[in-house]
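Letters A, B, ... mirror the listed sequences (proteins, then strands); counts begin at 1. The structure presented is a predicted model; accordingly, all values stated were derived computationally and were not measured.
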Amino acid sequence: MYALVDCNSFYCSCERLFRPDLESRPVVVLSNNDGCVIARSDEAKQIGVPMGAPFFQYRDLIESNQVAVFSSNYNLYGDLSMRVMDTLRGMVGESNVEVYSVDEAFLDMGQNFDGKIAGSLKERVEQWTGIKVSVGAAPTKVLCKVANRLAKKHKEATGCSLVLRDEADIRQALEETEVGDLWGIGYRYAEKLRQLGITTGWKLACMPGEWVRKNLGGVTGLRIHRELHGEACIPFKDPLENKKMISTTRMFGKPVTLKNEIREAVATYTARAAEKLRRQQGAAGSVEVFLVAESGGKFSYHPVKSALSARLPKATMLTHELSRYTLALADALFESGPRYLKAGVILSDLVPDERVQGNLFTAKSREGDRYLMEALDNINFSQRDEKVKFGASGLTKAWKMRQDCKSKRHTTRWKELAIVR
DNA sequence: TCTGGGGTCCTAGGACCC
DNA sequence: TCTGGGGTCCTAGGACCC
């Protein structure tokens, strides 16, 4: 049996933790650049603020209902997420927790599953961290998702925790689940399935496997289908696995037209991506840079993307080596004229740093560079906020994103500690 | 007139997730 | 004026190999 533990309206819960006065007020959290709504408390959902809604379109609704609005504060959410995950690890063992996202984890509950543990997991997390969670348990990951969704949907009846054990439970749950609400069935497939009259999870489960393989993206669809029948096909992932790709991409706070500003942004994003790369002790064999520009058309929002990539002669984790390439790509991409909205840097072909293949022509020892990176990361990690950086990243950063309603980093900065009087 | 069979590797693009 | 960021997996098709 597996269990899925999912934090309720996670970002909103984090904000409320330090603002108890918001307990019964609607709360929303905005994406970077204060662009769209990415988290809503139950009250905000009831008022009718949809997920992903552009903030400017819903501003009136939000203001007239006195919704508390926050810019996203990833320092705070990341830290609270760690506390939740640590609590879970303490209860079921480190190797039985797969952190699926910042607010979700799958737990491997083993063979002798006792239904009561679902409740105690929930209680302990809430007591130790102050974050409310929902628990769904079932024989497969897809069914855990179904259970979790229903646990949330029927809060009063389930107490936010639901176990699907035998076939009767599963059938009933699937009959109540719309096909598009299944994990792995997105907008496109849901549409297609509905056209064919397959409206619920149960109806999909009743289709023959071969049909599913043909019509639902091959083996991916087949896996979901089998999971609906209680056959676990989506493996429990090793928590120590490294990323295969690392990217840093951002919208600009306002459109950018100057080459220098594009270069600053690309240098900054390269430095951030390289930092993530070093954290997993990796080195990148390829880099890609992309720019997104406004389209000429006045009445439509159709940004134009252009991208270039380069393969490095030797995989590296050094910021200054990586940015030599990313800046050259940025120069090649840039045109004067377009108003640029966004840029991004993607590192791929990642290999573990110690296994970097030697190259006959770059024999020079790079120990010094390595120490430099280590020192840089240490300073920036403990002091934060880019205390030390490369000049190419720029000092003014006119293009930086907007964050007008950001809360304090209560748990990760001494200076921003909450004050209680 | 008639032109094999069995592979691998790479890339682009689609679909999905939170 | 204003629409996020960071990932994963899979497939099809082309180039190339013997």
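- Picking from C/dG5, C/dG6, C/dG7 the nucleotide with the shortest atom distance to the side chain of A/Thr248 gives C/dG6.
- Candidate nucleotides B/dC18, C/dG7, C/dG5 were compared by shortest atom distance to the side chain of A/Thr249, and C/dG5 ranks first.
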* **Test log, rule ring-ring contact (aromatic ring centres under 6.0 Å, His included), inputs A/Phe334 and A/Tyr340** => CA-CA 9 Å; A/Phe334 179 85; A/Tyr340 289 102; 5.7 Å; yes

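- For the pair A/Lys243 and C/dT8, the criterion of a side-chain N or O lying under 4.0 Å from OP1 or OP2 is not met.
- Residue A/Arg59 is classed as having no contact, given no heavy-atom separation below 4.0 Å to the nucleic acid.
- Side-chain proximity of A/Glu104 to B/dC18, C/dT8, C/dT3: nearest is B/dC18.
- The shortest distance between the side-chain N/O atoms of A/Lys237 and the OP1/OP2 oxygens of C/dT8 is not below 4.0 Å.
- Residue A/Asp34 is classed as having no contact, given no heavy-atom separation below 4.0 Å to the nucleic acid.
- Across all strands, A/Lys276 comes closer than 4.0 Å only to sugar-phosphate atoms, never to a base (heavy-atom distances).
- If you check every strand for non-hydrogen atoms under 4.0 Å, A/Tyr100 touches sugar and phosphate atoms only.
- Contact annotation: A/Lys254 side-chain N/O to C/dC2 OP1/OP2 distance is not under 4.0 Å.
- When each of B/dC18, B/dC16, C/dG4 is scored by its nearest atom to the side-chain atoms of A/Arg188, the top-ranked nucleotide is B/dC16.
- Residue A/Asn32 has its side chain nearest to C/dG4 when only C/dG4, C/dT8, C/dC2 are considered.
- For A/Ser247, the listed nucleotide lying nearest its side chain is C/dG6; candidates were C/dC2, B/dC17, C/dG6.
- If you run side-chain contact (heavy atoms from CB on, under 4.5 Å) between A/Asp369 and each of A/Glu374, A/His320, A/Met317, only A/His320 comes through.
- Of the candidate nucleotides C/dG5, C/dT8, C/dG4, C/dG4 has the atom nearest to the side chain of A/Cys36.
- Side-chain proximity of A/Arg223 to C/dG5, C/dC10, B/dC16: nearest is C/dC10.
- Interatomic distance, A/Glu126 CD to A/Asn8 CG, rounded to the nearest 0.5 Å: 7.5 Å.
- Paired runs in DNA chain C that reach 3 or more consecutive Watson-Crick or G-U pairs, where each pair keeps both distances under 3.5 Å, cover B:5-18 with C:5-18.
- Across all strands shown, A/Leu182 has heavy atoms under 4.0 Å from sugar-phosphate atoms exclusively, and none from any base.
- Set against C/dG5, C/dG7, C/dC2, the side chain of A/Met251 has C/dG5 as its closest nucleotide.
- Out of B/dC17, C/dG4, C/dT3, the shortest distance to the side chain of A/Trp183 is found at B/dC17.
- One finds a side-chain N or O of A/Arg311 lying less than 4.0 angstrom from the OP1 or OP2 phosphate oxygen of B/dT11.
- Both A/Gly218 and A/Asn242 sit near DNA chain C, but only A/Asn242 has its closest nucleotide nearer the 5' end.
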